[in-house]
Amino acid sequence: MPDHDLKTPAAPFPARPGLRPALGLVWGLGSLLSAPSAIAQTAANTLTTPSATQNSATTVTTSTTSINGGEKIEVKAHKPASAVLGDAKPIMQIQADEIRSYGVDTAADLLTAIAPETRSGRGATGNTPVVLLNGKRISGMQEVNDLPFEAIARVEIFTEEEALRYGYPADERVVNIITVKNFRAVRMRAYGSTSTDGGGDDGVLGASFTKLSGEQRINLSARYEAQARLLDSDRGVTPPSASSLYSNAGNVTSTDGGSLDPALDALVGQSVTSAGVPSLASGQIPTLQDFTTYANAPHVSSDASDYSLQPRTHELNLNGVYADQIFKDVSASFNASYTHSNSESLQGPARGILTLPSGSLYSPFSQDTLLYRDYTNVSALQQRSHTDSVHAGVNFNGDAGNWKWNSTGSFDRSTTATNSQTGLDLSAAQTALTEGLVGFDPFSEVDRSWLNSRLVNQGHTTGTTGKISGLVSGSLFSLPAGDVSTSIAPTGTLTEQNATSISQGKLQRTHISRDVGTLQINGDIPIANARKHVLSFLGKLDANVNGAVSQVSHFGTLGTIGGGVTWEPVSWVQFPFSATDRTEAPSATSLVAPQIETPNVTTYDYVTGRSVQVTTISGGNRNLRAADRHEISIGTILSPAFLEGARLHVNYVRDRNHNPVMSLPTATAAIEEAFPDRYQRNSDGILDVVDIRPVNALMEKRNEWNATFSFSRPLGKKPEGKGGKHGAGGRYYIVLTQVWRLKDTVQLRSGLAPIDLLNGGTIGGTGGQPRHEVELQGGVFKNGLGFRLVTKWQSATSTLASTHANSLFFSDLATVDMTAFADLGEIPRWQNRNWAKNFRVMVSVSNLFNSRIRARNGSGITPAGYEPAFLDPLGRTISFSIRKSV
């Protein structure tokens, strides 16, 4: 809470050495004009001791009494150093005892837990919030991610308008994490989880050292996580075959897609374009008669043990932070981190194509044919990915008179290598078959020595980003209703992306170097203020204007302009309104990511009404254009005094985005008509290749309103203690969030009808956009025992095809997550046990009722690849963790 001091200052201005000559002149002129008042002030000052908090807080005059007998008395408030810029009220506050009831380990876990409350409906959906530490900017999330929850005194959540004051765009909410003053601990944690359906195991080991002492902050952490691979066979599901050609036994087709052999046509009585390989003894010579059984009825097979529902992953993260006050009015922080991660998944059985010469001993056909086979006697196709990332950040914060400044620099470098096996290199086997090598039977089991070589697509990306940004904020001048303040934030970013890909033996290199210079200016203008008797009938009314200009290489000059007002008719009601118009360049990764081909990816073809496995092509698109976004936001914030601890925030957003960037993995008639070159079909019309590289659509329109209601109350007496220890105190809370989408359409091309994502349209793989989403969470903590419950629900979706039978309908989804934990050292019977001190045991159940989305087509059948296990491989999971701090 702010500290209020009733005192008379020693001088009208702070005594800073560099300003003394100028201030002395002003002081002298003031003395001549008001000598009696100055003498009274000097006398009064001899009885006042300066507050110790003044060195780390801002002094603000809140009101002025009348002058009696020449003596002027001012009531001043010291704004805490951890407060945000401006005087905005948080839409939600989470106190330390409530943080305990979340059962989280670190600040990163807490941010995940409160994600529904920090979600912004503005800008691109899914925006993460701006995170501040003690009211100041940070160089990166690595500065706060590993802070233990005991080191957090409280968390404040603000509207998007607060982001403008810190030099960020107004499409992200702001989270201010406020730490305790003094804290020291070594923390160790072990975590493990498994699925009740079997498999999907996950384990984490972590350790950290944290020390907070005034302005000094040290945090060192190490974390290792391993996730086990989960196979299709573990869930008893089978993916659809890659096409009607590959199979374990093999299928043959002609080289041109026509008839295999006129003689076989005569035997069957129709044209035969494909046929399954007959079951013969090794070395047995097939005849045309042997192929009649499977004429135009090729074998279909799929090996569920050769596909991954969940990849095997390993990740190591090392992070270090040091912060301290380096000068009287300047603090600094330094951060370095390193992350190494591996991912490995199975992409289906090893497979290949052999050309069977017409003159081969094993060919009864009069022309060359193609033999498609899966080879299950060798390991499955794999896709491996390795990523190494380093981050370094430096951050300076300081005061210059009544102005605050910040300077931040960061360096990030990430290297990712991806190897994707697409099939077997059968060139040696082909030579043996062409040359008629005795003993090489293409229809029987082929010796592993012929199957050692694989076709591999490779991708390698190196991304480097250097960023320097600054922030200057303070008051420009005073109006009757208050001070006009501004924030000026220059930012310079240099990004380099180098990508190399080898696909089907073709080498491609791409490179982009992007320079971005941005200057953002924000101004806050008070219009009415009942406390200052200025237009009192309006209560409190503040206006905001903001603008930004960016010079982006390859895109030129891009601009942003916005403004709004916040009206507070009474102290417990606020009405924020804002409008923004900005131009956004696509990310460098979207432009130059390496081209990667991934085989055997399940997708539903709405054109034919069947599930197929396709090869997807991912990567960048250098032809992407900048997007223009126009957005309006209207909100209401209620904090009624008659319901202490309750807050309600309702917000409406209208968004129009020209040339939005998106991927199009789903094959519907509308999407294929707009981007015909992105979908390749074989001669039978079966979808074979899908190019999911990003594209520009024409227009996206989105209207939604979202609401958050929070209610928090302490249990029993107000807890006492220091360093996050709350003794017998406790708290319970309830948070309800909801999103209601009123409109969500995408128009892909001019002249084409918009795709209504709320009424049967889709650009994704699992239907359109849910119209309604709700999340209710509640928790309680007392006497060392805590419990948390989270329930989520989203409405059903559908994707309408040209016929009802080919359409897909996805059910609604309701899930329940439950967490129970015990801080053993705070349970009354163990409070004096050293072993129990700062010892937490926690058990969690995610998706308690094992709920999954159910997919059906118009005939009521679940298409292959859309079984519940494909949509949610894990289902219900149970986790157990122990945590000890010393």
Side-chain angles (χ1 to χ4, degrees), residues 231-233 238-239 241-255 260-261 264 274-295 297-307 346-383 419-457 504-505 597 599-600 613 615:
L231 303 178
D232 288 18
S233 55
T238 302
S241 58
S243 70
S244 59
L245 300 177
Y246 286 106
S247 72
N248 295 344
N251 296 302
V252 292
T253 67
S254 64
T255 56
L260 280 167
D261 193 296
L264 181 59
S274 63
V277 173
S279 177
L280 302 172
S282 178
Q284 183 177 346
I285 307 302
T287 64
L288 285 178
Q289 185 65 42
D290 294 326
F291 283 90
T292 58
T293 304
Y294 297 104
H299 297 294
V300 176
S301 60
S302 186
D303 297 280
S305 60
D306 290 337
Y307 293 88
L346 302 184
Q347 301 296 133
R351 56 188 45 162
I353 304 173
L354 287 172
T355 299
L356 192 63
S358 59
S360 170
L361 179 65
Y362 292 96
S363 174
F365 305 108
S366 58
Q367 61 178 343
D368 292 351
T369 55
L370 300 178
L371 171 62
Y372 292 76
R373 281 196 66 180
D374 291 336
Y375 297 92
T376 57
N377 59 328
V378 293
S379 61
L381 301 176
Q382 298 183 355
Q383 185 175 77
N419 291 331
S420 182
Q421 298 176 356
T422 60
L424 295 174
D425 181 357
L426 299 179
S427 55
Q430 182 64 60
T431 300
L433 182 60
T434 302
E435 295 179 352
L437 181 65
V438 176
F440 185 86
D441 182 354
F443 299 136
S444 64
E445 182 173 316
V446 177
D447 190 87
R448 295 167 60 96
S449 61
W450 298 103
L451 309 173
N452 286 332
S453 182
R454 303 200 171 204
L455 301 174
V456 179
N457 286 343
Q504 298 180 352
E597 293 187 14
N600 308 328
Q613 284 192 323
T615 296

Colleague: Which heavy atom of Pro442 sits nearest to which heavy atom of Leu354, and what is that distance?
Modeller: CB-CD1, 4.4 Å
Colleague: Taking the side chain as every heavy atom from C-beta outward, state whether Phe291 and Pro278 have any pair of such atoms under 4.5 Å apart.
Modeller: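 Contact flag for Phe291/Pro278 side chains = yes.
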Colleague: Sequence neighbours left out, what passes side-chain contact (heavy atoms from CB on, under 4.5 Å) with Ser233? Give chain and number order.
Modeller: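 For Ser233 the side-chain contact (heavy atoms from CB on, under 4.5 Å) partners, ignoring immediate neighbours, are Leu231, Ala304, Ser305.
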Colleague: Can you tell me how far the CD1 atom of Ile353 sits from the CG atom of Asn251, to the nearest 0.5 Å?
Modeller: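 These two atoms lie 11.5 Å from each other.
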Colleague: Do Leu451 and Leu426 have side-chain heavy atoms sitting under 4.5 Å apart?
Modeller: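 They are in contact (side-chain heavy atoms under 4.5 Å apart), so the answer is yes.
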Colleague: Residues in side-chain hydrogen bond (donor to acceptor under 3.5 Å, both in side chains) with Thr376, at least two apart?
Modeller: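 Thr376 satisfies side-chain hydrogen bond (donor to acceptor under 3.5 Å, both in side chains) with no other residue.
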Colleague: Which residues pass the salt bridge (charged side-chain N to carboxylate O under 4.0 Å, His left out) test with Asp374, sequence neighbours left out?
Modeller: Arg351
Colleague: If you define the side chain from C-beta out and look only at heavy atoms, does anything of Gln382 sit under 4.5 Å from Leu346?
Modeller: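 Yes, at least one pair of side-chain atoms sits under 4.5 Å.
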Colleague: With distance as the sole test, does Gln347 use its side chain to make a donor-acceptor pair with the main-chain N or O of Thr422 at under 3.5 Å?
Modeller: no
Colleague: Check this for me: Tyr362, atom OH, are more than 12 non-hydrogen atoms of other residues, nucleotides or ligands nearer than 6.0 Å?
Modeller: yes
Colleague: How close do Pro357 and Ser363 get, counting heavy atoms only, and between which atoms?
Modeller: O-CB, 3.3 Å
Colleague: Quick one: does any side-chain atom of Arg454 pair with a main-chain N or O of Ala350 as donor and acceptor, under 3.5 Å?
Modeller: no
Colleague: For the residue pair Val446 and Arg373, establish whether any side-chain heavy-atom pair is separated by less than 4.5 Å.
Modeller: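 They are in side-chain contact.
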Colleague: Are Tyr307 and Gln613 linked by a side-chain donor-acceptor pair shorter than 3.5 Å?
Modeller: yes
Colleague: Which heavy-atom pair separates Tyr246 from Gly352 by the least distance, and what is that distance?
Modeller: CE2-O, 3.7 Å
Colleague: Pick from Thr253, Leu356, Leu260: which one makes a side-chain contact (heavy atoms from CB on, under 4.5 Å) with Leu370?
Modeller: Thr253
Colleague: Please examine the side chains of Leu264 and Thr292, heavy atoms only from C-beta on, and report whether any two atoms are closer than 4.5 Å.
Modeller: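 Side chain of Thr292 against side chain of Leu264, heavy atoms only: contact under 4.5 Å found.
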Colleague: When you measure from the side chain of Asp306 to the backbone of Leu381, do you find a donor-acceptor pair of N or O atoms at a distance under 3.5 Å?
Modeller: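 No, Asp306 side chain to Leu381 backbone: no donor-acceptor pair under 3.5 Å.
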Colleague: Report the distance from atom CZ of Phe440 to atom OG of Ser444, rounding to the nearest 0.5 Å.
Modeller: 8.5 Å
Colleague: Would you call Asn248 and His299 a side-chain contact if the rule is heavy atoms closer than 4.5 Å?
Modeller: no
Colleague: Quick one: list whatever passes side-chain hydrogen bond (donor to acceptor under 3.5 Å, both in side chains) with Asp447, sequence neighbours left out.
Modeller: Ser449
Colleague: What heavy-atom pair brings Ala432 and Trp450 nearest, and what distance separates the two atoms?
Modeller: CB-CH2, 3.7 Å
Colleague: My understanding is that only residues two or more places apart in sequence, or in another chain, count here; which of them pass side-chain hydrogen bond (donor to acceptor under 3.5 Å, both in side chains) with Ser420?
Modeller: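 Only Gln383 meet the side-chain hydrogen bond (donor to acceptor under 3.5 Å, both in side chains) criterion with Ser420.
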Colleague: Does either side chain, that of Glu435 or that of Thr431, offer a donor lying less than 3.5 Å from an acceptor on the other one?
Modeller: no
Colleague: Output yes when a side-chain donor or acceptor of Asp441 lies under 3.5 Å from a complementary backbone atom of Gly283, and no otherwise.
Modeller: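 Yes, Asp441 side chain to Gly283 backbone: donor-acceptor pair under 3.5 Å.
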Colleague: For Ser282, give me all partners under side-chain hydrogen bond (donor to acceptor under 3.5 Å, both in side chains), at least two apart in sequence or on another chain.
Modeller: none
Colleague: Considering only heavy atoms from C-beta outward, does the side chain of Phe443 approach that of Leu371 to under 4.5 Å?
Modeller: yes
Colleague: What are the two closest non-hydrogen atoms of Ser247 and Ser301, and how far apart are they?
Modeller: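 Heavy-atom minimum between the residues: CA-OG, 3.3 Å.
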